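Let me begin by presenting the structure, written as structure tokens, before commenting on it.
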There are 2 protein chains.
Amino acid sequence: MEKTDRKSEILHVAAKLFRERGYNAVSMRDIAKELDIKAASLYNHISSKQEILELTIIRIAEAFTNGINLINSQDISVKEQLTLLVELHIKLTLADPDAMACVNNDWMHLAKQELDYFIQMRNRYEDKFRSILKKGISSGEIADLNVELMLFSMLSTLRTLHLWYGRKKSLQPAQLKADMTRVLLQGIL
Amino acid sequence: MEKTDRKSEILHVAAKLFRERGYNAVSMRDIAKELDIKAASLYNHISSKQEILELTIIRIAEAFTNGINLINSQDISVKEQLTLLVELHIKLTLADPDAMACVNNDWMHLAKQELDYFIQMRNRYEDKFRSILKKGISSGEIADLNVELMLFSMLSTLRTLHLWYGRKKSLQPAQLKADMTRVLLQGIL
DNA sequence: TCAACAAACTAACATTTGTTAGTCTGCACA
DNA sequence: TGTGCAGACTAACAAATGTTAGTTTGTTGA
């Protein structure tokens, strides 16, 4: 049991440090020190610092892509789709808050190829989110307000969940989901 | 006219680059190249790279501090106070989106002293924002939901305005303020 | 005409960085 | 007992970084 191999350990430690200080402020020696080994030893498990970043970010970006595709394929109301989107963000954030912070803060440090891939996924994700909102406006489920504003208001809240969740131990995931859906859809009044 | 002195030029160019790549990924040589001078020449105007960061971030943090203090001192309804907070964020973001991005992304790279000062201001800002929400709950103006959730939902939306505003040239500040207040207070339904 | 100064330059520095090469050690298994 | 290998190590590298020292250049006001 607890068969966490060394590579996963490295990825988790790195994500934690990246979250605290940012990718460029964390050196391979910093990561190594946290694991009580020397920097050169890291290269027995990973091929480069870039690879650490890629494995951390791309995995989560793909999870979002898969998640929204699944939601989009279902024949349910817009409100239900939005509820599932809230759930998706919560699930992925709670599963690995450090990596999620990394996605939000350090994606621009990906190398060209992975950067292009990431941006493509992000754009498509936002496009699909936007489509859901537009569909809701057409059907009358959603108020006819500025779509871009609604989109980024929801997205920014969902994307920065990692910043404050964790200080409130009392808040259970199911309750968080219910409260967050309520606030995002109906506001605070 | 256009008496922008060299120091301001440096600060603006630096903020633009910091926004694109992050503080640690931008070298003094990068900043200098953007101004068609050599890195050493920058030191005729500024004392260190840290100083650039400090001047950029602290100014805005203090503007927020002053802004919320002014709002707090007024004897108006909670709803009116929240509207003024929305206005404050919009005003400061539109005045200098690059510096605002810098505040959001690079504050952790401030040196100890300024970092402590910044965090203190940020905590007090959030405390005052939270107090306004709590007052609203007591008076019945605001729904009795999780305060932390409402606080960070609003804050994350307001703080990341710089990420998407600018793609929508058509949206005027006054309209943005009205729409954003509507979405944050009453939701999207 | 010349002194003063702002603001650019060249050259160099000590550190830090990511990474590689080559080596050592101890466990698993034949 | 011995072979192989995972995974640690030491040593070193070239490149990039922030910064300093000392110098040149051009404009401005006496």
Side-chain angles (χ1 to χ4, degrees), chain A residues 1-58 102 105-115, chain B residues 1-58 102 105-115:
Chain A
M1 46 231 57
E2 278 304 324
K3 185 63 200 132
T4 9
D5 62 325
R6 211 63 166 133
K7 185 159 182 173
S8 312
E9 260 189 292
I10 292 172
L11 294 181
H12 280 106
V13 163
K16 190 191 78 180
L17 295 180
F18 291 166
R19 179 189 191 174
E20 289 169 3
R21 306 178 217 164
Y23 178 74
N24 274 295
V26 175
S27 71
M28 293 302 273
R29 286 165 181 82
D30 292 333
I31 298 171
K33 180 164 279 181
E34 193 85 0
L35 292 160
D36 274 315
I37 60 176
K38 298 292 174 181
S41 307
L42 293 170
Y43 290 84
N44 286 317
H45 308 279
I46 48 101
S47 68
S48 68
K49 193 185 176 190
Q50 264 295 313
E51 197 204 10
I52 299 179
L53 192 67
E54 289 168 25
L55 291 175
T56 304
I57 292 183
I58 299 297
C102 206
N105 303 329
D106 291 322
W107 60 268
M108 73 279 276
H109 300 119
L110 289 168
K112 177 96 177 74
Q113 194 174 340
E114 291 77 24
L115 181 62
Chain B
M1 44 232 63
E2 276 306 325
K3 186 61 201 133
T4 11
D5 63 326
R6 210 62 166 136
K7 185 159 183 173
S8 312
E9 262 188 291
I10 292 172
L11 294 181
H12 280 105
V13 163
K16 191 191 76 178
L17 295 181
F18 291 165
R19 180 189 191 175
E20 290 168 3
R21 305 178 217 164
Y23 178 74
N24 274 295
V26 175
S27 71
M28 295 300 274
R29 285 164 182 82
D30 291 334
I31 299 171
K33 181 163 277 181
E34 192 84 1
L35 292 160
D36 274 316
I37 60 176
K38 298 292 175 181
S41 306
L42 293 170
Y43 291 83
N44 285 316
H45 307 280
I46 48 101
S47 67
S48 68
K49 192 185 177 190
Q50 265 294 316
E51 196 205 8
I52 298 180
L53 193 66
E54 289 167 25
L55 292 175
T56 302
I57 291 183
I58 299 297
C102 205
N105 304 327
D106 292 321
W107 60 267
M108 75 277 279
H109 300 119
L110 288 168
K112 177 94 176 74
Q113 195 174 342
E114 291 77 24
L115 181 61

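Chain letters run A, B, ... following the sequence lines, proteins first, then strands; residues in each count from 1. Because the structure is a prediction, the values reported are computed rather than measured.
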Between protein and nucleotides 25-29 of chain D, what N or O pairs are separated by less than 3.5 Å?
none

- Note on the structure: To the nearest 0.5 Å, atom SG of C102(B) lies from atom CG of L55(B) at 11.0 Å

- Item | Any donor-acceptor pair under 3.5 Å from D106(B) side chain to Y23(B) backbone | yes

- Query: Less than 4.5 Å apart, any side-chain heavy atom of E114(B) and any of W107(B)?
  - Reply: no

- Message: Applying side-chain hydrogen bond (donor to acceptor under 3.5 Å, both in side chains), can you list everything that pairs with S48(A), at least two apart in sequence or on another chain?
- Response: none

- Message: I'd like to check F18(A) versus I31(A) (side-chain heavy atoms, cut-off strictly below 4.5 Å). Are they in contact?
- Response: yes

- To the nearest Å, how far apart are H109(A) NE2 and dT17(C) C1'? 15 Å

- Message: Rounded to the nearest 0.5 Å, what separates atom CZ in R21(A) from atom CG in N105(A)?
- Response: 14.5 Å

Protein-nucleotides 5-8 of chain C N/O pairs closer than 3.5 Å?
from: dA8(C); atom 1: OP1; to: R6(B); atom 2: NE; distance (Å): 2.9
from: dA8(C); atom 1: OP1; to: R6(B); atom 2: NH2; distance (Å): 3.4
from: dA8(C); atom 1: OP2; to: H45(B); atom 2: NE2; distance (Å): 2.5
from: dA8(C); atom 1: N7; to: N44(B); atom 2: ND2; distance (Å): 2.4

- Item | d(CD1, I52(A); P, dT17(C)) in whole Å | 14 Å

- Looking at D30(A) and A25(A), what are the two nearest heavy atoms and their distance? OD2-O, 3.8 Å

- Would you please test E51(B) and K7(B) for salt bridge (charged side-chain N to carboxylate O under 4.0 Å, His left out) and show each step? CA-CA 11 Å; E51(B) 196 205 8; K7(B) 185 159 183 173; 3.5 Å; yes

- Item | Atom pair distance, as rounded to whole Å: CD in E9(A) and C1' in dG7(D) | 13 Å

Pairs under 3.5 Å (N/O, protein and nucleotides 11-18 of chain D):
from: dG18(D); atom 1: OP1; to: K49(B); atom 2: NZ; distance (Å): 2.7
from: dG18(D); atom 1: OP2; to: M28(B); atom 2: N; distance (Å): 2.8
from: dG18(D); atom 1: N7; to: R29(B); atom 2: NH1; distance (Å): 2.9
from: dG18(D); atom 1: O6; to: R29(B); atom 2: NH2; distance (Å): 3.0

- Note on the structure: From the list L115(B), L53(B), I57(B), side chain to side chain contact (heavy atoms under 4.5 Å, CB included) partner of H109(B) resolves to L53(B)

Between side-chain atoms of residues 32-45 of chain B and protein atoms elsewhere (two or more places apart, or another chain), which donor-acceptor pairs fall under 3.5 Å?
from: E34(B); atom 1: OE2; to: K16(B); atom 2: NZ; distance (Å): 2.5
from: S41(B); atom 1: OG; to: K38(B); atom 2: O; distance (Å): 3.4

- Message: Any heavy-atom pair between the side chains of M28(A) and I46(A) that's under 4.5 Å?
- Response: yes

- Query: For the helix from dT1(C)-dA30(D) to dA30(C)-dT1(D), what is the angle between the axes at its two ends, each from 5 pairs, rounded to 10°?
  - Reply: 0°

